[in-house]
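Only one structure is covered here, and it is reproduced in the block below.
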Amino acid sequence: MNTWIDISQRLDKEVAVWPGDTPFRYEVIWSKEESGSVNVGQIKMSIHTGTHIDAPFHFDNNGKKVIDLDINLYIGKARVVHLPNIKSIGVNELSKLDLAGVTRLLIRTDTWKNRYLFPESIPPLEPELAAYLAKLGVRLIGLDLPSVDPLDSKELSAHHELTHNGIHILEGLVLDEVQPGDYELAALPLPLVDADGSPVRAVLRKI
Ligand SMILES: N[C@@H](CC(=O)c1ccccc1NC=O)C(=O)O
Ligand SMILES: [Zn+2]
Ligand SMILES: [Zn+2]
């Protein structure tokens with residue numbers, strides 16, 4: 001059977017968060033014993049924990065919020081490529097692949113081994129790649145990394161260039177078991193009206 005594969009990080013109190021950011025917390029705030037009928041839970045988390053999408057408002061005060069994003073980009077045909085042992089993600093690396101007709105591109109780097117520890121460094125996406133991918137027709141990029149920019153970047157050039165070129169950002173995927181190829185993807189953001197991003201449940205199914 002052609003089943004859906006979960007490519008999302010599990011959310012529990014051990015999940016890695018950006019240094020200094022809010023730890024993930026789920027608690028039953030009103031128990032069945034107290035309410036007489038139901039357990040009612042509450043979550044507290046940073047938007048940028050686990051598998052999530054960024055809205056442009058994350059890095060641009062005038063940028064789009066989650067509710068303004070086109071949901072069609074987060075569901076549909078996607079290509080998975082495998083680029084292990086790379087220092088950065090640039091035109092050099094991707095020009096070796098035939099990406100004609102790819103709208104959603106997911107990059108497996110295998111860099112982030114222990115999802116319960118925040119990585120020390122990651123292969124960043126070279127800002128120049130954004131225009132190259134846009135020309136090919138890419139509208140969504142997803143990575144198995146917590147960011148597309150160097151972790152200490154304040155400029156966030158790759159985030160800005162991707163957005164400027166109409167490419168949407170999906171971060172924190174788990175692609176360890178996913179072979180390169182063509183899939184259907186679903187990674188829909190929540191309808192958060194004011195938010196700078198959203199957690200997603202990302203899933204793939206082989207075409
Ligand atoms: N740019 C990152 C997030 C990020 O930079 C960040 C997330 C939470 C707390 C601090 C952060 N960055 C800078 O200190 C991202 O796109 O997920
Ligand atoms: Zn983010
Ligand atoms: Zn980001």
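Treat the numbers as computed from the prediction; the structure is a model and nothing was measured. Note that ligands are numbered from 1 as they come in the structure, with each ligand's atoms numbered from 1 the same way. FYI, side chains are in, hydrogens and waters are out, and symmetry mates aren't considered; it's all heavy atoms of this structure.
For Leu117, the CG atom sits in a packed shell: over 12 heavy atoms of surrounding residues, nucleotides or ligands are nearer than 6.0 Å. Within a 6.0 Å radius of CZ in Arg205, more than 12 heavy atoms belonging to other residues, nucleotides or ligands are found. More than 12 heavy atoms of other residues, nucleotides or ligands sit less than 6.0 Å from atom CG of Asp70. Annotation for Ile43: atom CD1 does not count as buried by contact number, only 12 or fewer foreign heavy atoms lying within 6.0 Å.
Counting only heavy atoms of the protein, atom 7 (C) of ligand 1 lies nearest to Trp18 CG, 3.4 Å. Counting only heavy atoms of the protein, atom 13 (C) of ligand 1 lies nearest to Lys154 NZ, 4.2 Å.
Trp18 and Phe118 have tilted rings, their planes meeting at an angle from 30° to 60° on a 0 to 90° scale.
With the Zn ion (ligand 2) as the vertex, atom OE1 of Glu171 and atom ND1 of His48 span an angle of 180° (nearest 10 degrees).
For a threshold of 3.5 Å applied to N or O pairs, the pair formed by His58 and ligand 1 contains at least one separation below that value. Of the polar atoms of Ser46, none of the N or O atoms is found under 3.5 Å from an N or O of ligand 1, judged by distance alone.
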| Step by step, would you call Thr103 with Lys77 a side chain to side chain contact (heavy atoms under 4.5 Å, CB included)? | CA-CA 7 Å; Thr103 309; Lys77 204 175 160 194; over 6 Å; no
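Using a 4.0 Å cut-off between heavy atoms, Pro19 makes no contact with ligand 1 at all.
Backbone or side-chain N, O or S atoms of His52 reach the Zn ion (ligand 2) at under 2.8 Å.
Under a 4.0 Å criterion applied to the non-hydrogen atoms of Asp21, ligand 1 contributes the atoms 8 (C), 9 (C). Of all the atoms in ligand 1, the ones that sit under 4.0 Å from a non-hydrogen atom of Pro146 are 15 (C), 17 (O). Counting atoms of ligand 1 from 1 in the listed order, those under 4.0 Å from a heavy atom of His52 are 17 (O). Distances below 4.0 Å separate heavy atoms of His159 from the following atoms of ligand 1: 1 (N), 15 (C), 16 (O).
Restricting Asp54 to its N, O or S atoms, the one at the least distance from the Zn ion (ligand 2) is OD1. Sorting the N, O or S atoms of His159 by how far they are from the Zn ion (ligand 3) puts NE2 first.
Within the 6.0 Å centre-distance limit, the rings of His48 and His52 are counted as a close aromatic pair.
Judged purely by atom type and a 3.5 angstrom limit, Arg139 has no side-chain atom pairing as donor or acceptor with the backbone of His168.
For the pair Lys206 and Tyr183, the distance from NZ or CZ to the six-membered ring centre is under 6.0 Å and the angle to the ring normal is within 45 degrees.
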